[in-house]
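Here's the structure we're looking at; comments come further down.
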Amino acid sequence: MENTKREDWNNPRYGQENKKVVAGILAILLGYLGIHKFYLGYTKEGIIQLILGFAFGIGGIIGIIEGIIYLTKSDEEFYQTYQIGYKGWF
């Protein structure tokens, strides 16, 4: 049996999906709609960003900033901050 398989089973994140890249791309391309927030499971924040995007136009700016932040974090840091810690904004 390979050593890497055994290590995977011992990893608490085994089977968990890191959504960093998809969330980052969604934030940059569709940030004004808050799609990346819905993708990460932040329904309340997604609705707020959707309203800000349509009413004031700043939802897109927030999305671009968040997308850059998402993509510049390490995989582990993103996972701990946004998927485990549920940090809704920046």
Checklist entry - Atom NZ of Lys73 and atom CD of Gln80: how far apart are they, to the nearest 0.5 Å? => result 11.5 Å
Checklist outcome for this item: Here the side chain to side chain donor-acceptor pair (under 3.5 Å) pairs for residues 52-69, sequence neighbours left out, are His36-Glu66, Lys37-Glu66
Next on the checklist: Once salt bridge (charged side-chain N to carboxylate O under 4.0 Å, His left out) is applied, do any residues pair with Lys87, and if so which ones, sequence neighbours excluded?
Outcome noted: none
Item to check | Cluster overlap Phe54 with Ile51, hydrophobic side-chain contacts below 4.5 Å | outcome: no
Item to check | Rounded distance (nearest 0.5 Å) linking atom CD of Glu76 with atom OG1 of Thr81 | outcome: 9.0 Å
Item to check | Selection residues 42-63 - residue pairs positive for salt bridge (charged side-chain N to carboxylate O under 4.0 Å, His left out), sequence neighbours left out | outcome: none
Item to check | For Ile35, all residues meeting side chain to side chain contact (heavy atoms under 4.5 Å, CB included), sequence neighbours excluded | outcome: Leu26, Leu30, Leu33
Checklist entry - Does the Asn18 side chain pair with the main chain of Asp75, one donor and one acceptor, at a distance under 3.5 Å? => result yes
Checklist entry - If you measure from CD1 on Ile58 to CD1 on Ile62, what distance do you get to the nearest 0.5 Å? => result 4.5 Å
Checklist entry - CH2 of Trp89 to OH of Tyr42: how many Å apart, nearest 0.5 Å? => result 11.0 Å
Checklist entry - Can you list the residues that meet the side chain to side chain contact (heavy atoms under 4.5 Å, CB included) rule with Ile65, with sequence neighbours excluded? => result Ile61, Ile69, Phe90
Checklist entry - Gln49: what forms a side chain to side chain donor-acceptor pair (under 3.5 Å) with it, not counting sequence neighbours? => result none
Item to check | Any residue meeting side chain to side chain donor-acceptor pair (under 3.5 Å) with Lys19, in chain and number order, not counting sequence neighbours | outcome: none
Item to check | Which residues share a side chain to side chain contact (heavy atoms under 4.5 Å, CB included) with Ile25, sequence neighbours left out | outcome: Val21, Leu29
Next on the checklist: So, using side chain to side chain contact (heavy atoms under 4.5 Å, CB included) as the criterion, who are the partners of Thr43 when residues are at least two apart?
Outcome noted: Phe38, Ile47
Next on the checklist: List the residues meeting ring pair (Phe, Tyr, Trp, His ring centres under 6.0 Å) with Phe78, not counting sequence neighbours, and say none if there are none.
Outcome noted: Tyr70, Tyr82
